[in-house]
Number of protein chains: 2
Amino acid sequence: MVSQLTKLEEESIDYFVSFVQIFGFPKSVGQIYGLMFVSGEPMVMGQLVERLEISKGSVSQGLATLKALGAIVPVEVENDRREHFQADLDVSRIVNHFFSERLEPRLQNGSRRLEGMLELAREGGDTKENEPLNRLKALKKWQTRGQRAIPFIKRFLKN
Amino acid sequence: MVSQLTKLEEESIDYFVSFVQIFGFPKSVGQIYGLMFVSGEPMVMGQLVERLEISKGSVSQGLATLKALGAIVPVEVENDRREHFQADLDVSRIVNHFFSERLEPRLQNGSRRLEGMLELAREGGDTKENEPLNRLKALKKWQTRGQRAIPFIKRFLKN
DNA sequence: TTTATTGTTCATTTTTATTTGAACAACCTC
DNA sequence: GAGGTTGTTCAAATAAAAATGAACAATAAA
């Protein structure tokens, strides 16, 4: 017998599905976290498969993702060899991970690329009339500013 | 005769393709902006179709998106009825648009949903033992903090 | 008018991302 | 070790997103 989702659980699932999708995570990740978040109880894979009615594969992948995010933590349960997980209350981990793992590396990569472009553009002469160069110099300002903003934002969301 | 993309143009296109993809825009938007950005010249649809070798449909859509973002601006050209566009230097428009049009509405929507959930959760009694309620209260803190962060970040990126 | 050019729209095709489920490995219980 | 659980992996199926290109509207030029 599989217990139906309560209205509250459904709402939470919807809430977190939209939330994680902002950051490009698949729906299943939001479903899993949404259910685990409201209840607060440690849960096992089987429960999630049954209650969310999604495949074992998706739950396995989803749990791996959430584990990597630090959004759920393993919990030991006496006399039960199954892996239990509990949703961490700190939702900001998901956002932080997005910044650290997705945004920052890309910005750093962008920084390198931009240097290469400046190099190329200077071949056209380092003058006021070299429009591509002018534009790339302006771009560099934004690039730098963006990179500076990240730690700033992280701190804001931290505590 | 269609002029080949220069090395610099190619680099710029790649750069902006990755950039816009962070914010969930399609590749074509990055290609168009990337090409327009380095050159700085006003351009027409036909040129973009030829030089980027992408379809008229994609360019039309992409230009519409970039126009809506304010990332490109219409430019009048004497004796030429075609619509010319020029890339605005202010790259932050794209980021700002992401915040204003995608993130903020979702956060506001999230806020409403969360109130509904709190309502539902309180039915279980407003006590310390009502774990879902406790968790939703914690979530509300993050929700609020996230919403506060947005104008902050926007200001940081502004000027 | 008629014909050519420019740009939009949208049904179809293509590409990419996600989910499924079967096969498998690890581990426990008896 | 046979049989039962638990969890992972990955090829195939499905769903979602983006690109294409043909049909169309609007306008200009002949």
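Worth saying up front: this structure is predicted, and the values here are computed from it rather than measured. Proteins come first, then strands; the chains are lettered A, B, ... in the order of their sequence lines, and each starts at number 1.
- Checked against C/dG21, C/dG7, D/dG7, the side chain of B/Arg82 finds its nearest nucleotide in C/dG7.
- Ring orientation note: the planes of B/Phe23 and B/Phe19 are nearly perpendicular, at an angle over 60° on the 30°/60° scale.
- Using a 4.0 Å heavy-atom cutoff across all strands shown, A/Ile54 reaches sugar-phosphate atoms only and no base atom.
- A/Arg81 comes within 4.0 angstrom of a nucleotide base, judged by non-hydrogen atoms across all strands.
- Atom CD1 in B/Ile32 sits about 13 Å away from atom P in C/dG7, given to the nearest Å.
- For A/Lys141, the NZ atom counts as loosely surrounded, since its 6.0 Å shell holds 12 or fewer non-hydrogen atoms of other residues, nucleotides or ligands.
- For the pair B/Pro26 and A/Gly46, both in contact range of DNA chain D, the more 5′-proximal nearest nucleotide belongs to A/Gly46.
- Using a 4.0 Å heavy-atom cutoff across all strands shown, A/Lys56 reaches at least one base atom of the nucleic acid.
- For D/dA19, neither phosphate oxygen OP1 nor OP2 lies less than 4.0 angstrom from any side-chain nitrogen or oxygen of B/Ser55.
- Rounding to whole angstrom units, CD of residue B/Gln31 and P of D/dT20 are separated by 8 Å.
- In this structure, A/Lys27 places its NZ atom 18 Å from C1' of C/dT16, rounding to the nearest Å.
- Less than 6.0 angstrom separates the ring centroid of A/Phe152 from the ring centroid of B/Phe152.
- Separating the CG atom of B/Leu52 from the P atom of D/dG21 is a distance of 15 Å, rounded to the nearest angstrom.
- Whole-Å rounding puts the B/Gln21 CD to D/dA19 C1' distance at 14 Å.
- Whole-Å rounding puts the A/Gln61 CD to D/dT9 C1' distance at 8 Å.
- With distances taken from any side-chain atom of A/Ser60 to the nucleotides D/dT9, C/dT9, C/dA4, the minimum falls on D/dT9.
- Between the side chain of A/Arg93 and the backbone N or O of A/Gly70 there is at least one donor-acceptor pair closer than 3.5 Å.
- Among the candidates B/Val91, B/Ile13, B/Val20, the single residue satisfying the side chain to side chain contact (heavy atoms under 4.5 Å, CB included) test with B/Tyr33 is B/Val91.
- Closest to the side chain of A/Met45, out of D/dA23, D/dT8, D/dA19, is D/dT8.
- With rounding to whole Å, A/Phe85 atom CZ is found 12 Å from D/dT6 atom C1'.
- In this entry the distance linking CE of B/Met43 with P of C/dG7 reads 14 Å, nearest Å.
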